[in-house]
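Heavy-atom basis, side chains included; hydrogens, waters and symmetry copies ignored.
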Amino acid sequence: QVQLVESGGGLVQVGDSLRLSCVASGRTFVNNGMAWFRQGPGKERAFVAAISGSGAITRYADSGKGRFTISRDNAKNTMYLQMNSLKPEDTSVYYCAASAAGWGATPQYNYNYWGQGTQVTVSS
């Protein structure tokens, strides 16, 4: 059974940093795209960042460009999201997702596996 488990969320102050982790089990995603999405209070789930199987290709939503960095360690079957200069509007539940086939890019429907989410709260 495939599982994606996020960790690293928490309550931080404006300008702080957090690193989220997503550990996959049940299969390897070495050749598959993975991504982070988030859902803020009263909002729909939205794309944050995506990374290709090798890690060579990344894509970011405008909201995170220059502040967020997505990466992965395939030896550990783990994906990361480094978030710097956090803002109150970054407050959301962050979900990791994995594609069953290749590059997932931005659309949610390209991702077949989802974690349960980790809460990030940025306090001003």
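- Annotation for Ser85 and Asp90: closest pair O-OD2, 4.4 Å, computed over non-hydrogen atoms.
- Taken to the nearest 0.5 Å, the OG atom of Ser25 stands 8.5 Å off from the CD atom of Gln1.
- Residues Gln119 and Thr121 bring a donor and an acceptor atom of their side chains to less than 3.5 Å of each other.
- A continuous path of hydrophobic side-chain contacts links Ile51 to Leu81 [ILVMFWY only; heavy atoms under 4.5 Å].
- Here the straight-line distance linking atom CZ of Phe37 with atom OG of Ser92 works out to 13.0 Å at 0.5 Å rounding.
- Atom NZ of Lys43 and atom OG1 of Thr91 lie 9.0 Å apart (nearest 0.5 Å).
- Formation of a donor-acceptor pair under 3.5 Å by the Asp73 side chain with backbone atoms of Thr78 is not found in this model.
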- Report the C-alpha separation of Arg72 and Phe29 in whole Å, then their side-chain angles, then the decisive distance to 0.1 Å, and conclude whether the side-chain contact (heavy atoms from CB on, under 4.5 Å) test is met. CA-CA 10 Å; Arg72 63 191 296 167; Phe29 291 98; 3.9 Å; yes
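- Considering OG of Ser52 and CG of Asn31, their distance stands at 10.5 Å, rounded to 0.5 Å.
- With a 6.0 Å cutoff to the six-membered ring centre and a 45° limit on the axis angle, Arg38 does not count as a cation-pi contact of Tyr94.
- The aromatic ring centroids of Tyr60 and Phe47 lie 6.0 Å or more from each other.
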- Message: Run Val2 and Asn112 through side-chain contact (heavy atoms from CB on, under 4.5 Å) and show every step you take.
- Response: CA-CA 10 Å; Val2 175; Asn112 309 91; over 6 Å; no
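- No single ILVMFWY cluster, assembled from side-chain heavy atoms under 4.5 Å apart, contains both Val120 and Tyr80.
- A side-chain donor-acceptor contact under 3.5 Å links Asn32 and Arg27.
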- Task: Determine, stepwise, if the pair Trp114 / Gln108 fulfils side-chain contact (heavy atoms from CB on, under 4.5 Å).
- Result: CA-CA 10 Å; Trp114 293 83; Gln108 296 186 47; 4.0 Å; yes
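- Glu6 places no side-chain N or O within donor-acceptor distance of the main-chain N or O of Thr118, the cut-off being under 3.5 Å.
- Residues Ser17 and Met83 form no side-chain contact, since every pair of their non-hydrogen atoms from C-beta on lies 4.5 Å or further apart.
- Across every non-hydrogen atom of Ala50 and Ala105, the tightest pair is CB-O, 3.6 Å.
- Smallest separation of non-hydrogen atoms from Leu11 and Ser123: CD1-CB, 4.1 Å.
- Under the 4.5 Å side-chain heavy-atom criterion for Ile, Leu, Val, Met, Phe, Trp and Tyr, Leu20 and Leu4 are members of the same hydrophobic cluster.
- The backbone N or O of Met79 lies less than 3.5 Å from no partner atom in the side chain of Trp36, so there is not a single donor-acceptor pair.
- We find the CZ-CG distance between Phe68 and Asn84 to be 8.5 Å, quoted to the nearest 0.5 Å.
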- Asn77 and Val23: CA distance, side-chain angles, deciding distance, side-chain contact (heavy atoms from CB on, under 4.5 Å) verdict: CA-CA 6 Å; Asn77 230 15; Val23 179; 5.6 Å; no
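- Few gaps surround CD on Glu89; more than 12 heavy atoms of other groups in view lie less than 6.0 Å from it.
- The structure places OH of Tyr113 at 13.5 Å from SG of Cys22, a figure rounded to the nearest 0.5 Å.
- Counting only distance, with no hydrogens or angles, the side chain of Ser99 and the backbone of Gly104 share no donor-acceptor pair below 3.5 Å.
- A heavy-atom distance below 4.5 Å is found between the side chains of Val122 and Val14.
- Taking all atoms of both residues into account, the shortest heavy-atom contact from Leu18 to Gly8 is CD2-O, 3.5 Å.
- Contact between Val93 and Gly117 at its shortest, heavy atoms only, is CG1-CA, 3.8 Å.
- Side-chain atoms of Tyr111 do not come within 3.5 Å of backbone N or O of Thr106 as any donor-acceptor pair.
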